[in-house]
Colleague: 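Questions regarding the structure given below will be posed in turn.
Bear in mind the structure is a predicted one, so any value in this text is a computation, not a measurement. Atoms considered below: every heavy atom in the structure, side chains included; atoms not considered: hydrogens, waters and symmetry mates.
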Amino acid sequence: MDDAGMEEPQATREEALAHAAAGLGGPNVGLGVDIVEVGRMKAILKRTPSFAERVFSPDERAYCDASSIPATHYALRFAAKEAVVKALGCGFSDGVGVRDIEVRRADNGRPFVALSGRAREIADEQGVREIPVSLSFTHTDAVACALAITSGSVRAAEKRVDPRERLAQRFRETRGILDEL
C-alpha cells in the first residue's frame, strides 16, 4: 500500500518472469528479510519435537543440536528459509516446501543456502545466480536477510559507470579542450 492507503498495482510472478526473459526490466534483485522470536521457536520445538524433522535437513538439525543454543540456530535457519522465499517472490507456495531450502555453512563458517525441488526451479526460471544470506541474532530474536541476484542484475552492474570515473573522464575532456585553446 502507498502512503494514502491505496494498493499499488503489482505484476504477477508470471508477468515479471516474462518481462525478465524478454529483457524488459523484470526483477533483477529480490530482497527478503524475516525475524523469528527465539522463545517461540524454543516453545515449538518443545511442544512438537517432530517439527524439526519436518522442517530441517539432517545436517541442519545436527548443526543446531550441537550448539549451546539450539533454539536460536533453529530460529535463524527458519528465518533464512522465509527470507529466501520472499527474495524469490514466491513464499511457500507454488509447490515450494521448507525442505527445498537448506542453510549450510562454508568452510570459513559463512552461511549459504542450497536450493532443491521447486525452489531451485523458480530460481532457475528467474535467472538467479546467487542467493547470499546474512544471519544475526539477539537473545530474543533471529534475523535473516537474503538477496536473489539474477544474471540481469550482474550485467546491469557491469554496465554501470563509476561516478568518480565519469567525473575523471569529463575532467580529461575539459582539460583537452583547454589545452587546445
Side-chain angles (χ1 to χ4, degrees), residues 10-38 40-67 70-137 141-155:
Q10 294 185 358
T12 65
R13 193 171 71 77
E14 291 77 20
E15 291 169 335
L17 289 173
H19 280 213
L24 300 174
N28 286 323
V29 177
L31 171 65
V33 177
D34 197 66
I35 301 172
V36 173
E37 294 176 31
V38 174
R40 186 167 182 232
M41 180 59 68
K42 190 173 186 174
I44 290 169
L45 292 168
K46 184 176 181 180
R47 183 178 63 243
T48 314
S50 62
F51 175 81
E53 289 182 24
R54 286 194 324 267
V55 174
F56 302 100
S57 72
D59 288 342
E60 286 174 313
R61 292 192 312 270
Y63 175 80
C64 294
D65 291 338
S67 166
T72 299
H73 290 281
Y74 278 114
L76 281 168
R77 273 142 190 78
F78 193 82
K81 291 169 187 272
E82 288 277 358
V84 168
V85 294
K86 289 175 182 178
L88 292 173
C90 62
F92 286 112
S93 61
D94 277 340
V96 176
V98 290
R99 296 280 297 263
D100 289 351
I101 301 159
E102 182 180 7
V103 179
R104 298 180 182 170
R105 294 175 59 83
D107 291 339
N108 64 1
R110 181 184 62 82
F112 69 95
V113 294
L115 303 180
S116 61
R118 184 68 183 132
R120 171 83 271 152
E121 292 172 8
I122 289 171
D124 289 345
E125 289 169 4
Q126 295 180 12
V128 173
R129 290 178 43 161
E130 180 182 7
I131 304 180
V133 293
S134 175
L135 307 177
S136 298
F137 64 91
D141 297 302
V143 180
C145 181
L147 289 173
I149 300 172
T150 66
S151 300
S153 66
V154 172
R155 284 191 301 274

Colleague: Is the side chain of Gln126 donor-acceptor paired with the backbone N or O of Leu88 at a distance under 3.5 Å, no angle test?
Modeller: yes
Colleague: Would you check if the side chain of Lys81 reaches a backbone N or O of Ile101 as a donor-acceptor pair within less than 3.5 Å?
Modeller: yes
Colleague: State, to 0.1 Å, how close Arg105 and Phe112 come at their nearest heavy-atom pair, and which atoms those are.
Modeller: C-CE2, 3.6 Å
Colleague: Under the rule for side chain to side chain donor-acceptor pair (under 3.5 Å), what residues qualify as partners of Arg110, not counting sequence neighbours?
Modeller: none
Colleague: Phe56 and side chain to side chain contact (heavy atoms under 4.5 Å, CB included): which partner among Glu102, Arg99, Arg77?
Modeller: Arg77
Colleague: Looking at Phe78 and Val36, what are the two nearest heavy atoms and their distance?
Modeller: CD2-CG2, 4.0 Å
Colleague: For the residue pair Val98 and Arg54, what are the closest heavy atoms and their distance?
Modeller: CG2-O, 4.0 Å
Colleague: Give me the atom names and distance for the closest heavy-atom approach of Ala148 to Val128.
Modeller: CB-CG2, 4.1 Å
Colleague: Should Arg61 and Tyr74 count as side-chain neighbours, where that means a heavy-atom distance under 4.5 Å?
Modeller: yes
Colleague: Please enumerate all residues that pass side-chain contact (heavy atoms from CB on, under 4.5 Å) together with Asp141, with sequence neighbours excluded.
Modeller: Ile35, Glu37, Thr138
Colleague: Is any side-chain heavy atom of Val103 less than 4.5 Å from a side-chain heavy atom of Leu76?
Modeller: no
Colleague: Taking all atoms of both residues into account, what is the closest heavy-atom pair of Ala144 and Leu135, and its distance?
Modeller: CB-CD2, 3.6 Å
Colleague: Search all heavy atoms of Ala146 against all heavy atoms of Ile131 and return the closest pair with its distance.
Modeller: CB-CG2, 4.1 Å
Colleague: Just wondering, more than 12 heavy atoms not from Asp107 lying within 6.0 Å of its CG?
Modeller: no
Colleague: Measure the spacing between NZ of Lys86 and CD of Glu82 and express it to the nearest 0.5 Å.
Modeller: 5.5 Å
